Each structure stands twice: as C-alpha cells, then as structure tokens.
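Predicted, not measured: the structure shown is a model, and the values here were computed from it.
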Amino acid sequence: MAAEEVNKPPPLPSYPQLIINAIEALNDKNGSNKTSISKHIESKYGDLPAGHSTLLSHHLNKMKETGELVFWKNNYMKVDPNAPPRRARGRPPKPKVPLPPGMVLSSGRPRGRPPKDPNAPPRSPKPKLPSGSGKPRGRPRKMARPEGGIGGSSTSVTSTSVRPRGRPPKVKASALTQVSVGH
C-alpha cells in the first residue's frame, strides 16, 4: 500500500490557481490567450480531467467576472492595481451623480400604459367629421372613354360590347381551323 501512495501524482491545485500560475509562468506583457494557458497546464500537469477545456473556460469567465483577471483583445492578464482601467470600444458611460444620503430614488410613474379605469363611463365612438375639401377619399373611379377616342375616329367599340378586364383567354387551335374552313 505504501508503494501506491508514492507513485501517485500530487493532487491538482484548484483551477483558478492553475490559471494564475500559467499566466505568471508565460509572463507575456499583453496577457495569455486561452489556448496558451491550456497548453501550459497540460504540459505541466499532464493528467487532466476529461472536461478540461470546459472547466478552463468556465473558470476563466468566472475569474473575469469577479475581477481577478482582465480580458483584453482575446487575452487574459492579471489585474494590475496601478494600471488605469481599460475602457471598451464605443461611447463612454455617463458619470453617475451620487445621491445625497437619505434621499431615495423613486420613479414618477411606472413603465407602460396605465390600466383602464373600471369606474369610468364608456366612451362614445368618435363622431364623423365632415371632410374639409368636399372630395371623396381614395382613388377616383374610372371615367368612361369619350366616343371617338383620342384620335377622333368613330370606329371605336360601342358601349354595349364592353371588353372584360384582364388578359383575354387563349384561343385554341381547333377554333381557328373551323373559322378558316368556313371561308
């Protein structure tokens, strides 16, 4: 039993400690990206759990959110207390004016449309207003063509045989042969 304990590798430190050690060992002034951190941990500790990349991603994000690491241009680096805070792209946020003590922030009214008053009398529909110009609304109706058409010829179609709207139906070849035979 003593031989088993001797051959056993030392237990892995916690993932946050592994990440910090890797960043310190790599010692890059721009920080280290996820793959370089992962390769360093794999080379140093060898036998890692099956979900190593998932665990590494999880802990990197967690450390980034808590402020232990700074994520800048796809690289992670330790927080330098002397460095000025880096700002993301875009417009800087407005400075927040501190409230004097004892003053409570209250909104004037809640968001959204106010609910209808159940005790209010029902509203009558809007009365129709006479149109100001006297013209009917919408597209005007089609006017009948004057007799003789534009050119003034009187050979136009009479009003009794009005052509229907749209494309005329296709004439079948059998109807054409009957007409030509009747000649």
Side-chain angles (χ1 to χ4, degrees), residues 1-129 131 137-140 165-170:
M1 285 227 178
E4 288 178 9
E5 291 178 18
V6 173
N7 293 340
K8 199 174 183 182
L12 282 176
S14 65
Y15 259 87
Q17 190 59 46
L18 287 173
I19 292 167
I20 297 287
N21 292 345
I23 291 172
E24 287 173 351
L26 292 166
N27 198 20
D28 191 358
K29 69 173 182 128
N30 293 329
S32 306
N33 62 17
K34 187 171 131 181
T35 45
S36 63
I37 293 170
S38 177
K39 284 180 182 175
H40 181 269
I41 293 171
E42 286 172 9
S43 67
K44 191 168 183 183
Y45 295 99
D47 192 27
L48 295 170
H52 165 68
S53 61
T54 310
L55 281 167
L56 182 66
S57 299
H58 169 75
H59 284 284
L60 282 170
N61 286 332
K62 199 172 175 184
M63 291 172 77
K64 179 175 66 173
E65 288 169 4
T66 57
E68 294 175 65
L69 292 179
V70 177
F71 185 67
W72 183 252
K73 294 187 179 175
N74 207 27
N75 288 336
Y76 294 91
M77 56 189 99
K78 285 176 60 176
V79 178
D80 184 11
N82 301 330
R86 287 197 169 157
R87 201 173 62 73
R89 291 188 308 186
R91 186 178 184 146
K94 288 184 177 178
K96 292 188 178 181
V97 180
L99 292 173
M103 188 171 178
V104 179
L105 184 69
S106 64
S107 61
R109 55 184 181 191
R111 292 177 57 189
R113 186 179 179 135
K116 288 185 179 179
D117 184 16
N119 301 328
R123 289 178 48 185
S124 62
K126 291 184 181 178
K128 294 216 174 193
L129 298 173
S131 60
R137 292 177 58 193
R139 185 180 176 131
R165 290 181 62 188
R167 186 182 181 107
K170 193 171 185 179

field: Distance (rounded to the nearest 0.5 Å) between Glu42 CD and Leu18 CG
entry: 11.5 Å
query: To the nearest 0.5 Å, what is the distance between CG (Leu26) and CG (Asn75)?
result: 10.5 Å
message: Using a 3.5 Å distance criterion without hydrogens, assess whether the side chain of Ser38 forms a donor-acceptor pair with backbone atoms of Lys34.
response: no
task: Indicate whether any N or O donor in one side chain lies under 3.5 Å from an N or O acceptor in the other, for Glu65 and Asn61.
output: no
- request: Quick one: pull up CG in Leu55 and NE2 in His52 and give me the separation to the nearest 0.5 Å.
  value: 8.5 Å
- request: Please lay out, stage by stage, how Asn21 and Ile41 fare under the test side-chain contact (heavy atoms from CB on, under 4.5 Å).
  value: CA-CA 9 Å; Asn21 292 345; Ile41 293 171; over 6 Å; no
message: In terms of relative ring orientation, are Phe71 and Tyr76 parallel, tilted or perpendicular, with 30° and 60° separating the classes?
response: tilted
Flag side-chain contact, heavy atom, 4.5 Å: Met63 against Ile20: yes
query: Ser57 versus Leu60: any side-chain heavy-atom pair under 4.5 Å?
result: no
message: Do Asn30 and Lys73 have side chains that approach each other closer than 4.5 Å (heavy atoms only, starting at C-beta)?
response: no
message: More than 12 heavy atoms of other residues, nucleotides or ligands under 6.0 Å from NZ of Lys64: yes or no?
response: yes
field: Closest heavy-atom pair and its distance - Met77, Ile23
entry: CA-CG2, 4.4 Å
